[in-house]
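What's counted below: heavy atoms across the whole structure, side chains too, no hydrogens, waters or symmetry copies. It should be emphasised that the depicted structure is a prediction, and the values quoted were computed from it without experimental measurement. So you know, we letter chains A, B, ... as the sequences are listed, proteins then strands, and number each from 1.
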Amino acid sequence: MAISTTTPARAPRAAGSDRTTGPVRRAGSPAHRGDARLAWVLVAPAIVGFLVFAAYPTLRGIYLSFTDFRVLTPPQWTGLDNLRRLVADEVFWHSLGVTAYFVLLSVVIGMALSVATAVVLHRLTASTALRGIIILPFLISGVVAATTWSWMLDAQLGIVNIAIRQLGLDPVFFLGSSKWAIPTIALISVWKGMGYNAIIVFAGLQTIPPTIYEAGRIDGANEIQMFRRLTLPLLRPVLAMVLVLTVIGSFQVFDLVAVTTQGGPARASNVLQLYIYDKAFGQFEFGYAATMSLALFAMLIAITFLQMRLLRADESDTN
Amino acid sequence: MSASATVSGPRRRLSVGRTLAWTYLGGVVLVTLFPFYWILRTSFSNNYSLITHPSSLLPVDFTLGAFRRVLGIATSAESLAEGGSGASINILHFAMNSLIFATLSTVLVVFFSLLAAYAFARLQWPGRDLVFSVLLTALMVPGILTLLPNFVLIKDLGLLNTFGGLILPGALFSAFNIFFLRQFMLGLSSEIEEAALIDGASRLRVLFQITLPMTSGPVTTLSILGFIGAWNDYFWPLLVTSDDSVRPLTLALAVFKQSSPQAAPDWAGLMAATLVAALPMLVLFLAFGRRIVDSIGFSGLK
């Protein structure tokens, strides 16, 4: 409401000329006098949102992880009890193992296919239609993808198993067997996310000047050499970012599992986020669930840091 | 198309490689599109007849019954006669919930991010850089850490089972949106804005009549990506809603799937519901296909 008073845009032109702060600011901008008040008004909603729904919950989550909290009664401080429990909790370690297996499969296969698709697209065609088609699965929800693939992979009537039988092989109980549940969900996840990542990698490829490839070709490099010696090094920052985002996203997989197997059979696909959800909303152990969330957060930070270091993500090999 | 000829140089020598590459792309397109076709084919099938012709490429015993079931207009006798489970959902109601949830949360967060980004990019005020870098720390925190405490907060505020509870946590602030829009605004020439200021326009008028139109590209980008994200969100709605009055489509679909009997699922009905749930995204895709592709590529490169 104070907005109307903060608009003396006709301040003397000379006044604001040299009071610039940031290096980006060009000198000579008039009328920066009322800026501060207006700025706080404009930023206020974002600050409120940040404090109330990001900063406060983060701190509260850390606090709750040291408590016994069952929602209906106030949290009781229990120090490191939750952490001790977590270390001894076999289901937690099992879930972590299942999650790691899922992340490994979906990230390795997903990255390989995304890069391959992006490179092939880049070399063959600039067609937006083709790029559009491959991101279609990204547009639909995990629930839709999971439902569709549950149907296609159904042991009796699913088209995939019908095809497998026609090849003379035994049907595969994709989502119903302990052995196949996680690989199957990983493949659904790859199907859903591959196009999105390929588009980002494709955009990265477009920033590489074609003259570099011409030079490579003059030097007698073949396609594979050019891919290894030119494309991969130049793409490293983009690849690092896609990798980090995919790993973080995969660690938090939930909807695909919740709709296809609900963690089964026999906990074979009980990923960490499902276990956290079950502890919090199935057994109302919010304190313990918060401890697991914090542990997952710590792991994600460590993994991200490690990936960035290993990939030297901030620099490409251009120089 | 013609550009590829210039990029790939001597075409004949590479023809084997090119054939392989095109085959690979063809495979990718097939695997991408086939499930969509299969949704369509199954949803127009009679669920009983599906059992006898599971591999038919065309709808089996063509019927709109599955859609009547998910729109809640089939009688249970009709439903059972076509092999439905008897479970029905009023999918349009949930679609409306999704539309309200996705639209409001997208419009609000993009609007508030725009205001903040303008303040960070164009105004000069003490504390600007500090506040900006503090807000950016939110990019580091993954959802999992804040979800449970946010649920407790929404519960304490009495907002469970309301659109407020669904929308509010994400409506005011998005670190990525602010960063993205600020970055773009920094790249815009400020001369027109300053000319307008000199001519006596107010800062707010400059923001809405000059800066906003110039920023329409990234605003569209963020709106599309935000809408897709909210429409497809599952976990947060699962936490804060238990009541059909506000539940979005993703949850309704998951509940509908779980209520279908394990022994003889109503696959035709499930695929019809799936199609309806995906339809708005497919329409969005037809309307903004190129824009979405560009947005995704652009967002990846910052």
Side-chain angles (χ1 to χ4, degrees), chain A residues 3 7 9-10 21 24 29-32 35-36 38-39 42-43 45-46 48-50 53-54 57-58 60-61 117 120 123-126 128 131-134 136-137 139-144 147-148 151-152 157 162 196 199-200 203 217 248 252 254-255 259 280 286 289-290 293 296-297 300, chain B residues 3-4 8-9 17 21 24-25 28-29 32 35 38-39 54-55 112 115-116 118-119 123-125 135 138 141-142 144-146 148-150 153 169 172-173 178 186 194 197-198 200-204 228 232 234-235 250 253-254 257 267 270 274 277-278 281 285 289-290 293 296-297 300-301:
Chain A
I3 295 167
T7 53
R10 273 156 287 140
T21 48
V24 200
S29 352
H32 279 296
D35 275 12
L38 177 63
L42 295 183
V43 177
V48 170
F50 170 79
F53 295 109
T58 303
R60 197 178 190 186
T117 307
V120 167
R123 302 294 284 134
L124 289 182
T125 169
T128 318
R131 273 182 284 152
I133 287 171
I134 63 169
L136 259 179
L139 301 183
I140 61 172
S141 66
V143 178
V144 165
T147 312
T148 306
W151 162 227
M152 294 181 54
L157 299 174
I162 290 169
Y196 179 84
I199 295 306
I200 292 179
R217 200 171 288 113
I248 291 178
Q252 301 181 69
F254 183 81
D255 47 7
V259 173
F286 263 69
S293 307
L296 179 55
F297 172 56
L300 288 178
Chain B
S4 63
S8 58
Y24 170 79
L25 262 192
V28 168
V29 168
T32 303
W38 213 238
I39 296 174
S55 61
F112 288 129
L115 298 187
Y118 184 80
L123 302 179
Q124 290 175 22
W125 44 291
L135 292 189
V141 182
I144 183 68
L145 189 60
T146 52
L148 295 183
N150 256 330
L153 180 64
L172 298 174
F173 165 69
I178 295 175
L186 287 177
E194 298 192 348
L197 287 174
I198 292 164
S202 72
R203 267 285 178 197
L204 281 184
I228 294 172
N232 290 336
Y234 178 74
F235 199 71
T250 44
L253 182 60
K257 177 169 188 294
W267 286 119
L270 274 168
T274 298
M281 289 301 115
F285 174 75
R290 186 183 196 109
V293 172
I296 291 170
L301 298 176

_Need one label for A/Ala289: side chain, backbone, both or neither, based on atoms under 4.5 Å from any heavy atom in chain B._
both

*Side chains of A/Val144 and B/Asn232: closer than 4.5 Å at any heavy-atom pair?*
no

_Shorter than 4.5 Å, heavy atoms on both sides: which option in A/Thr148, A/Val48, A/Thr58, A/Ile134 has the most such pairs with chain B?_
A/Thr148

_Top of B/Leu135, B/Asn150, B/Val29, B/Leu253 for chain A proximity - count of heavy-atom pairs under 4.5 angstrom_ = B/Asn150

*Once you round to the nearest 0.5 Å, how far does CD1 of B/Ile39 lie from OG1 of A/Thr147?*
8.5 Å

_Part of A/Tyr196 within contact of chain B (heavy atom distance under 4.5 Å)_ = both

*How close do A/Gly49 and B/Leu172 get, heavy atom to heavy atom, and via which atoms?*
CA-CB, 3.7 Å

*What's the spacing between B/Phe173 CZ and A/Phe53 CZ if we round to 0.5 Å?*
12.5 Å

*asked:* Shorter than 4.5 Å, heavy atoms on both sides: which option in A/Ala280, A/Pro45, A/Ala290 has the most such pairs with chain B?
replied: A/Pro45

*Work out which heavy atom in A/Ala46 is nearest to a heavy atom in B/Ile178; give both atom names and the distance.*
CB-CD1, 3.8 Å

*For A/Leu296, is it the side chain, the backbone, both or neither that has a heavy atom under 4.5 Å from a heavy atom of chain B?*
side chain

_Step-by-step side-chain contact (heavy atoms from CB on, under 4.5 Å) determination, A/Trp151 to B/Thr274_ = CA-CA 11 Å; A/Trp151 162 227; B/Thr274 298; over 6 Å; no

*Side chain from CB out, backbone as N, CA, C, O: work out which of these in A/Ile162 comes under 4.5 Å of a heavy atom of chain B, or both, or neither.*
side chain

*Best-contacting candidate, B/Tyr234, B/Tyr24, B/Phe112, against chain A by heavy atom pairs under 4.5 angstrom*: B/Tyr24

*Kindly give the heavy-atom pair with the smallest separation between A/Ile199 and B/Gly297, and that separation in Å.*
CG2-N, 3.6 Å

*Looking only at heavy atoms, what is the nearest atom pair of B/Pro149 and A/Gly61, with distance?*
CG-CA, 3.5 Å

*Using non-hydrogen atoms only, which part of B/Val293 is less than 4.5 Å away from chain A: side chain, backbone, both, or neither?*
both

*asked:* What's the separation between atom CZ in B/Phe285 and atom CG in A/Leu136, rounded to the nearest 0.5 Å?
replied: 4.0 Å

*Hey, which of A/Leu300, A/Val43, A/Leu139 has the most heavy atom pairs under 4.5 Å with chain B?*
A/Leu139

_Between A/Asp255 (side chain only) and B/Phe235 (backbone N and O only), is there a donor and an acceptor less than 3.5 Å apart?_
no

*Heavy atoms only: give me the nearest A/Val143-B/Ala254 pair and the separation to one decimal.*
CG1-N, 3.9 Å

*B/Val28 versus A/Thr117, closest heavy-atom pair with distance*: CG2-OG1, 4.2 Å

*Kindly compute the distance separating CG (B/Leu123) from CG (A/Asp35), expressed to the nearest 0.5 Å.*
4.5 Å

*Would you mind checking which part of B/Ile228 comes under 4.5 Å of any heavy atom in chain A, side chain (CB onward), backbone (N, CA, C, O), both or neither?*
side chain

*asked:* Nearest 0.5 angstrom please: B/Leu25 CG to A/Leu124 CG, how far?
replied: 6.0 Å

*Distance, nearest 0.5 Å, that separates CG of B/Leu153 from CZ of A/Arg60*: 6.0 Å

